[in-house]
Amino acid sequence: MGAIIVVGTQWGDEGKGKATDLLADDVGYVVRYQGGNNAGHTIIVGDRTLKLHLVPSGVMYPAVTPVIADGVVLDPGVLLEELDELVAQGLDVSKLAISGNAHLIMPYHRELDRVTERYLGKQKLGTTKRGIGPAYADKAARVGLRVQDLYDMKIFRQKLDTVLKEKNAVLSRVYNRMPMSAAEIETEYAVYAERLRPYIADTVSLLHDAMDGGERVLLEGAQGTLLDLDHGTYPFVTSSNPVAGGALTGAGVGPNDIEQVIGITKAYVTRVGSGPFPTELDGEIAERITDRGAEYGTTTGRRRRVGWFDAVLARYAARVNGLTEHFLTKLDVLSQFETVRLCRAYRYQGEEYEHFPPHQSIIHHAEPVYEDLPGWHEDISGVTEFSDLPKEAQAFVERIEELGGVPVRWVSVGPARSQTLERGR
């Protein structure tokens with residue numbers, strides 16, 4: 001057996017948690033491969049709703065081993081708080097496996113994230129201020145501390161003293177903040193180390209042994225394609241690689257291990273924070289989509305910006321990720337509109353772009369070129385077969401499939417697992 005990658009095709013918040021929930025019956029491992037507690041999944045199983053930020057959504061299923069892989073940046077305090085909440089709800093978290101190669105988010109990362117955003121003012125990036133960017137920056141600069149460092153406190157303290165000398169200089173001299181105490185940080189993280197010890201594992205060997213033994217592995221990313229550090233709307237991006245290629249490096253698996261790459265695609269588009277958004281809406285339509293789609297961040301609670309479906313982004317995501325199929329979510333939110341719109345291209349200075357523009361100025365100023373399709377007035381949340389959807393809703397899905405160039409295999413018409421329609425492959 002091999003691996004399935006579940007990846008967001010827009011700016012995140014596409015409904016990856018629901019897709020993972022649906023696929024979890026057929027996998028033995030669910031792996032978080034990048035990001036930190038700057039993103040989350042909302043999972044609804046029966047009458048239970050869980051909001052997860054770091055723990056992979058596989059924790060919901062007794063037969064699944066949830067894995068936090070090498071590419072994640074880990075805030076141990078946040079993780080332990082989340083585990084305690086899950087245990088309080090009656091879930092068994094004992095199978096969780098955490099890579100010793102994952103990097104730690106430190107107190108100075110969170111502080112630097114906060115003061116930097118304030119310093120940028122109107123040019124701020126809209127980060128979650130949870131220290132994710134600074135932690136990845138230290139990883140790239142090779143001064144980061146990793147989970148495995150917690151188990152040799154002499155090494156931990158040596159590395160901490162070295163990096164804190166520079167961080168305290170920046171905090172005090174540039175941002176007029178109080179310097180941080182290495183001794184206090186060491187004491188705090190030593191406590192975390194003991195609580196995390198049972199979960200630490202060689203996750204790369206764990207996953208390869210599982211696949212060699214006939215198990216299927218699901219790799220779930222946080223955020224989405226257009227927030228990718230290399231392929232997104234830079235600089236309004238995250239600090240890691242949510243794309244399918246990031247799953248390989250983040251989890252330590254190879255291209256030949258991948259069986260499917262499933263793109264999670266919302267029937268409209270949302271994004272949180274700053275940055276370009278060609279199909280963004282305001283006014284009554286935006287209010288209706290926001291309210292009916294409950295478009296507020298799982299982790300931050302921030303209201304999401306909303307817009308019509310963007311096929312330019314869909315084509316781009318298909319190329320960058322090598323998508324094999326789409327999982328279309330929240331089709332039900334678009335019910336009751338007289339007309340639904342699809343952006344098929346961008347127009348800039350008289351030229352049309354069907355593919356993602358090569359320069360950021362174009363996407364910042366692009367005008368969407370829309371197709372208008374008839375809406376549908378029926379409540380579709382109770383539909384159980386794709387063929388029973390209103391013909392207008394079917395035509396909308398089929399047009400997304402045509403414009404995006406990738407088959408739509410699943411269509412979600414509500415938050416519950418049962419509200420998912422599977423089409424033929």
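What you see is a predicted model, and the numbers here were worked out from it, not measured in a lab. We count residues from 1, following the sequence as given. Note: hydrogens, waters and symmetry copies are ignored here, and every other heavy atom, side chains too, is used.
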**Request:** Take Arg216 and Glu259, measure what salt bridge (Lys or Arg N to Asp or Glu O under 4.0 Å) needs, and give me the verdict at the end.
**Result:** CA-CA 9 Å; Arg216 181 173 281 117; Glu259 296 179 347; 2.9 Å; yes
**Asked** With sequence neighbours excluded, what pairs up with Tyr29 under the ring pair (Phe, Tyr, Trp, His ring centres under 6.0 Å) test?
**Response** none
**Asked** Between Asn321 and Val243, is there a donor-acceptor pair closer than 3.5 Å when you use the side chain of the first and the backbone of the second?
**Response** no
**Request:** Start with the C-alpha gap between Asn241 and Asp228, add the side-chain angles, then the distance that decides, and say whether side-chain hydrogen bond (donor to acceptor under 3.5 Å, both in side chains) holds.
**Result:** CA-CA 5 Å; Asn241 294 105; Asp228 187 271; 3.0 Å; yes
**Request:** Show the numbers, then the answer: is there a side-chain hydrogen bond (donor to acceptor under 3.5 Å, both in side chains) between Lys18 and Thr329?
**Result:** CA-CA 9 Å; Lys18 179 175 183 180; Thr329 64; over 6 Å; no
**Geometric cation-pi criterion, Arg288 with Phe337: 6.0 Å, 45°** = yes
**Message:** So, using salt bridge (Lys or Arg N to Asp or Glu O under 4.0 Å) as the criterion, who are the partners of Arg319 when residues are at least two apart?
**Reply:** none
**Message:** Regarding Glu14 and Lys266, does a basic nitrogen lie under 4.0 Å from an acidic carboxylate oxygen?
**Reply:** no
**Asked** Do the charged groups of Glu401 and Arg399 touch, with an N to O distance under 4.0 Å?
**Response** no
**Asked** If you draw the axis of the six-membered ring of Phe386, does the NZ or CZ of Arg423 fall within 45° of it and under 6.0 Å from the ring centre?
**Response** yes
**Asked** By ring pair (Phe, Tyr, Trp, His ring centres under 6.0 Å), which residues pair with Tyr189, not counting sequence neighbours?
**Response** Tyr192
**Request:** Find the distance between OG1 (Thr265) and CG (Asp310) and round it off to the nearest 0.5 Å.
**Result:** 11.5 Å
**Request:** May I ask you to say whether Asp25 pairs ionically with Arg417, meaning some side-chain N is under 4.0 Å from a carboxylate O?
**Result:** yes
**Item:** Residues forming a side-chain hydrogen bond (donor to acceptor under 3.5 Å, both in side chains) with Trp376, sequence neighbours excluded
**Value:** Ser335
**Fill in**
Closest non-hydrogen contact found for Ser240 with Gln223 is OG-OE1, 4.4 Å
Give every donor-acceptor pair under 3.5 Å between a side-chain atom in residues 139-147 and any protein atom, sequence neighbours left out.
unit_1, atom_1, unit_2, atom_2, d
Arg146, NH1, Asn101, OD1, 3.2

**Complete:** One should read off an interatomic distance between Trp308 CH2 and Cys343 SG, to the nearest 0.5 angstrom, of 12.5 Å
**Request:** May I ask you to check whether Trp11 and Phe236 place their ring centers less than 6.0 Å from one another?
**Result:** no
**Item:** Which residues share a ring pair (Phe, Tyr, Trp, His ring centres under 6.0 Å) with Tyr316, sequence neighbours left out
**Value:** Phe356
**Complete:** Correct closest heavy-atom pair for Ser57 and Glu220 would be OG-OE1, 2.9 Å
